[in-house]
Amino acid sequence: MLKIEIDGREVEVAHGSTVMDATNKLGIYVPHFCYHKKLSIAANCRMCLVEVEKAPKPLPACATPVTDGMKVKTASGLAKKAQNSVMEFLLINHPLDCPICDQGGECQLQDLAVGYGGSSSRFQEDKRVVLHKDIGPLVAAEEMSRCIQCTRCVRFGQEVAGVMELGMIGRGEHAEIVAFVGQSVDSELSGNMIDICPVGALTSKPFRYSARTWELARRKSVSPHDGLGSNLVIQVKQNKVMRVLPLDNEEINECWLSDKDRFSYEALNSEERLTAPMVKKNGQWETTDWQFALEFAIRGLKDFGVLASPHSTLEELYLAGKLGGPADFRLRHSDFSGDGKRKGIPWLGMPIADLGKLDRVLVVGSFLRKDHPLIAQRLRQAAKRGAQIHVLHSVDDDWLMKIASKKVVAPSEILSALGSFAEVLKAGKNSAILLGNFAQQHPQAAAIHAAAQAIGVKVGFLGEAANSVGGYVAGLPAGGGLLEIKNKKSLLLLNIDPALDCAAPIPAGKFIVNLTSFKSDVGDVLLPIGPFTETQGTFVSTEGRAQGFHAAVRPLGDARPAWKVLRVLGTMLGLPGFEFETAEQVRDACLAGRDISKLLSNEISEIKANQPSVSGIQRIADVPIYFADPLARRSPPLQKTRDAWAPRAWMNSKLMQSLGVQAGGLVLVKQAGGSGTGEAGLTAALDDKLPDNCVRVSAGHPATAALGAMFGALTLEKITAKQAA
């Protein structure tokens with residue numbers, strides 16, 4: 001350890017620390033713009049100049065390494081003069097548009113100008129002008145004249161998101177931040193550039209000109225999307241969610257958010273919101289009141305099952321499981337042979353923060369960047385520190401990190417290929433196998449789990465949704481789960497789009513009660529429920545952490561929290577155990593003194609694998625990041641991104657040649673067991689990294705909803721120009 005004196009106070013820091021590290025440890029603030037705790041040192045703003053004993057001139061605190069016995073003054077006359085001079089230079093070309101700037105009230109430059117800026121400027125020449133840039137539907141670069149070239153956004157892309165989408169061109173007064181020619185910013189983490197921009201150069205395009213920061217009330221919450229449980233700050237004005245920002249939590253999401261977490265709120269006030277109960281009469285929807293709708297629902301709920309979204313709260317899932325019929329939340333799973341053979345609830349197998357401590361990782365069956373953006377970011381940092389990342393999957397997507405080895409095989413070969421990684425994993429000191437969404441949805445999911453366990457290293461599950469662990473804690477699956485639900489005469493749906501959120505289509509002819517936040521044509525009764533911002537509840541993350549949250553706004557229209565609707569339905573069905581007044585009472589009843597950590601286990605009994613019979617072309621189905629749940633797929637800005645483009649039929653050149661099609665041509669994709677026609681007309685696209693006799697066709701999208709299960713055989717036919725016409 002090195003000893004350093006700062007402003008007369010002594011502190012010990014590790015070798016390699018900077019003066020900025022030492023001041024942070026003491027709680028002494030040094031003004032800065034380019035420095036960020038999660039990014040590399042750039043030292044290009046010079047705002048953090050401090051006086052160092054025996055140094056001939058002020059030195060930047062962010063880039064000056066500590067030496068033993070060093071004495072530093074952060075607020076001496078020399079340091080203050082240097083800091084004031086830097087501020088004067090920064091303000092020379094900065095536009096005087098604070099009254100109209102979207103960053104006003106939360107601008108780092110504005111704040112520091114008060115303490116370090118002069119009362120007037122000596123600069124008399126014209127200020128420079130930088131033209132605005134269109135870099136996509138999420139991040140606005142409309143006022144780049146405000147940019148102070150701190151390069152935080154550039155470094156974020158390179159170091160955290162893993163892809164350099166912005167860069168600096170020009171020199172001196174001609175320097176400016178640009179995207180690559182003709183390119184937009186498409187990273188699934190791009191919104192973080194808005195947060196780290198210290199001025200109003202990069203702002204939120206959906207939020208622009210909608211509110212001032214001082215008008216907004218702030219509410220803590222938890223993301224309902226992937227299994228990470230990212231901590232949120234929901235900002236509200238007049239009972240409307242205006243913006244979502246990250247709440248720092250180093251153990252979970254650090255200071256970042258995925259774009260899905262950040263921008264899906266735009267769906268909350270869309271025209272598609274269901275604000276009143278509706279019943280279907282003679283094939284037509286009619287608005288009604290709650291009493292009639294509930295009575296109508298109860299009359300139809302005979303011999304019923306419950307399909308609940310894993311994005312629902314713990315309280316909602318618990319009450320759904322108590323309604324008497326079989327209930328399940330594993331909507332996209334296709335193999336249930338592991339039920340009764342697992343020792344406990346499948347989970348990540350370690351705290352989220354420990355992912356960065358692994359030295360060898362095998363990720364099996366995961367579209368990692370899109371399924372779990374912030375877990376991908378943690379593994380990216382681990383790879384930079386020397387961890388070996390190995391991949392077993394049916395596609396070869398770019399994870400924007402160094403990959404030690406990979407095997408890309410057909411879905412039917414995932415299980416047999418798993419053992420080939422045993423030797424390299426056992427050679428590590430801290431190795432783990434992480435099973436992704438694709439592996440958990442696989443027809444041999446239980447056998448893959450058992451085979452991973454047999455290798456003898458840690459096994460973890462990357463939770464698909466906010467309550468992929470919480471669903472088990474809530475007591476689901478109940479009464480035989482999905483296998484029994486298929487045979488029921490009626491269904492209760494909780495927070496799902498059945499055509500998009502299930503592994504296979506729901507058989508027609510059932511009476512359906514649909515608890516949903518959005519208008520739908522599915523069902524006989526629509527009961528409006530509030531999304532996560534309009535209810536109180538709990539999410540249990542993939543690491544087994546239970547996080548409670550409160551409603552940020554009141555329910556829209558006549559919508560009600562789903563746990564209250566389920567409570568009333570249970571009471572009207574004459575069932576005991578539904579006498580709850582608060583969400584806390586439901587949570588307490590669900591947990592009933594149980595310690596969640598003691599319920600978690602990835603141990604499984606030996607599974608006899610059934611080799612699936614495969615004939616024809618195998619389907620590889622991903623769920624696009626912005627179609628993974630009802631909120632994301634109804635957010636207008638997310639639906640304008642590259643990741644929301646319509647699905648295509650991806651195949652290698654060998655398969656294309658056999659079909660006689662070219663990239664950009666049309667193909668008719670057919671699958672047995674689908675709904676309606678069981679087919680979809682798609683554009684063919686070339687991906688020579690795909691295995692032979694496999695075609696990648698996304699699930700969870702309206703364009704492919706008529707197809708059958710996410711795994712299985714497809715037939716493809718070329719669509720001629722005449723047929724297309």
Side-chain angles (χ1 to χ4, degrees), residues 136-139 188 190-191 204-208 210-211 216 219 221-226 230 232-246 257-276 309-313 316 370 373 465-467 493-501 514-522 526-535 537 539 549 551-562 623-646 700-702 705:
L138 304 180
V139 181
E188 60 279 358
S190 67
S204 168
K205 190 167 280 189
F207 176 71
R208 277 169 59 81
S210 59
L216 302 173
R219 309 279 188 266
S221 193
V222 181
S223 168
H225 300 295
D226 61 37
S230 295
L232 312 176
V233 175
I234 296 178
Q235 298 188 331
V236 176
K237 178 183 177 182
Q238 297 175 351
N239 201 51
K240 181 179 179 181
V241 175
M242 304 300 293
R243 185 167 59 168
V244 172
L245 298 176
L257 274 189
S258 70
D259 287 351
K260 182 161 64 171
D261 294 335
R262 183 184 299 271
F263 294 109
S264 63
Y265 77 89
E266 284 285 304
L268 297 172
N269 299 291
S270 73
E271 293 182 358
E272 293 187 53
R273 279 296 303 272
L274 180 67
T275 57
S309 168
H311 301 280
S312 302
T313 68
E316 292 162 4
K370 307 303 179 182
N467 257 333
L493 306 180
L494 174 60
N495 198 27
I496 70 172
D497 293 333
L500 306 178
D501 291 329
N514 194 350
L515 278 66
T516 175
S517 301
F518 300 96
K519 297 173 184 175
S520 172
D521 198 40
V522 176
L526 299 180
L527 301 179
I529 59 173
F532 80 107
T533 53
E534 299 172 14
T535 189
F539 292 136
F549 58 92
V553 293
R554 297 185 301 277
L556 194 64
D558 285 335
R560 295 291 182 266
V623 179
I625 181 173
Y626 302 137
F627 283 89
D629 61 75
L631 268 181
R633 64 176 67 105
R634 289 178 175 85
S635 170
L638 291 181
Q639 294 307 308
K640 296 175 184 176
T641 62
R642 182 184 295 269
D643 281 318
W645 286 1
H701 193 283

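Residues Leu526 and Ser520 form a side-chain contact, since some pair of their non-hydrogen atoms from C-beta on lies under 4.5 Å apart. Contact annotation: the side chain of Phe532 never approaches that of Ser223 to less than 4.5 Å [non-hydrogen atoms, C-beta and beyond]. Between Pro702 and Leu500 there is a side-chain heavy-atom pair separated by less than 4.5 Å. With a 4.5 Å cut-off on side-chain heavy atoms, Thr275 and Pro528 do not count as touching. Put simply, the side chain of Pro561 does not reach to within 4.5 Å of the side chain of Glu316, judged on heavy atoms. Within the 4.5 Å cutoff, the side chain of Leu268 has heavy atoms near those of the Leu631 side chain. Residues Tyr626 and Phe263 are not in side-chain contact: their nearest non-hydrogen atoms beyond the backbone lie 4.5 Å or more apart. When side chains are defined from C-beta on, Lys237 counts as touching Leu216, because their heavy atoms get closer than 4.5 Å.
Closest of all the heavy-atom pairs between Leu232 and Asp261 is CD2-CB, 4.4 Å. The shortest heavy-atom contact between Ile529 and Ser517 is O-OG, 2.8 Å. The minimum heavy-atom distance between Gly530 and Ala559, with the atom names listed, is N-CB, 4.3 Å. Counting all heavy atoms, side chain and backbone alike, Ser312 lies closest to Phe539 at O-CE2, 3.6 Å. Here the closest non-hydrogen pair linking Ala562 and Leu494 is CB-CD1, 4.0 Å. The two residues Gln639 and Phe627 have their closest heavy-atom pair at OE1-CZ, 2.9 Å.
Taking a 6.0 Å sphere around CZ of Arg208, one finds it holds more than 12 heavy atoms contributed by other residues, nucleotides or ligands.
With values rounded to the nearest 0.5 angstrom, Thr533 atom OG1 is found 12.5 Å from Lys240 atom NZ. Note that the NZ atom of Lys519 and the CD atom of Glu271 stand 7.0 Å from one another [nearest 0.5 Å]. Atom CG of Leu515 and atom CD1 of Ile496 lie 10.5 Å apart (nearest 0.5 Å).
At distances below 3.5 Å, not a single donor-acceptor pair connects side-chain atoms of Ser635 with backbone N or O atoms of Ala632. Side-chain atoms of Thr535 do not come within 3.5 Å of backbone N or O of Ala551 as any donor-acceptor pair. No donor-acceptor distance shorter than 3.5 angstrom exists from the side chain of Glu266 to the backbone of Met242, with no hydrogens or angles considered.
Salt bridge annotation for Arg273-Glu534: present, with a cationic side-chain nitrogen under 4.0 angstrom from a carboxylate oxygen. At a threshold of 4.0 Å, the pair Glu188-Lys260 does not count as salt-bridged, since none of the basic side-chain nitrogens sits closer than that to a carboxylate oxygen. Arg634 has a carboxylate O that lies under 4.0 Å from a charged side-chain N of Asp497, or vice versa, which qualifies the two as a salt bridge.
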Thr516 vs Leu493, side-chain contact (heavy atoms from CB on, under 4.5 Å): CA-CA, chis, key distance, verdict: CA-CA 8 Å; Thr516 175; Leu493 306 180; over 6 Å; no

CA sep, side-chain torsions, deciding dist, call: Arg262, Leu245, side-chain contact (heavy atoms from CB on, under 4.5 Å): CA-CA 6 Å; Arg262 183 184 299 271; Leu245 298 176; 3.9 Å; yes

Derivation of the side-chain contact (heavy atoms from CB on, under 4.5 Å) call for Leu638 and Leu138: CA-CA 8 Å; Leu638 291 181; Leu138 304 180; 4.2 Å; yes

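Each of Val244, Ile234, Val233 was evaluated against Ser221; a single residue qualifies, Ile234, per the side chain to side chain contact (heavy atoms under 4.5 Å, CB included) test. Lys370 pairs in a side chain to side chain contact (heavy atoms under 4.5 Å, CB included) with only one of the listed residues (Asp643, Val623, Asp226), which is Asp643.
Side-chain atoms of His311 and Asn495 form no donor-acceptor pair, as typed in the model, at a separation below 3.5 Å. Side-chain N/O atoms of Ser264 and His225 include a donor and acceptor closer than 3.5 Å.
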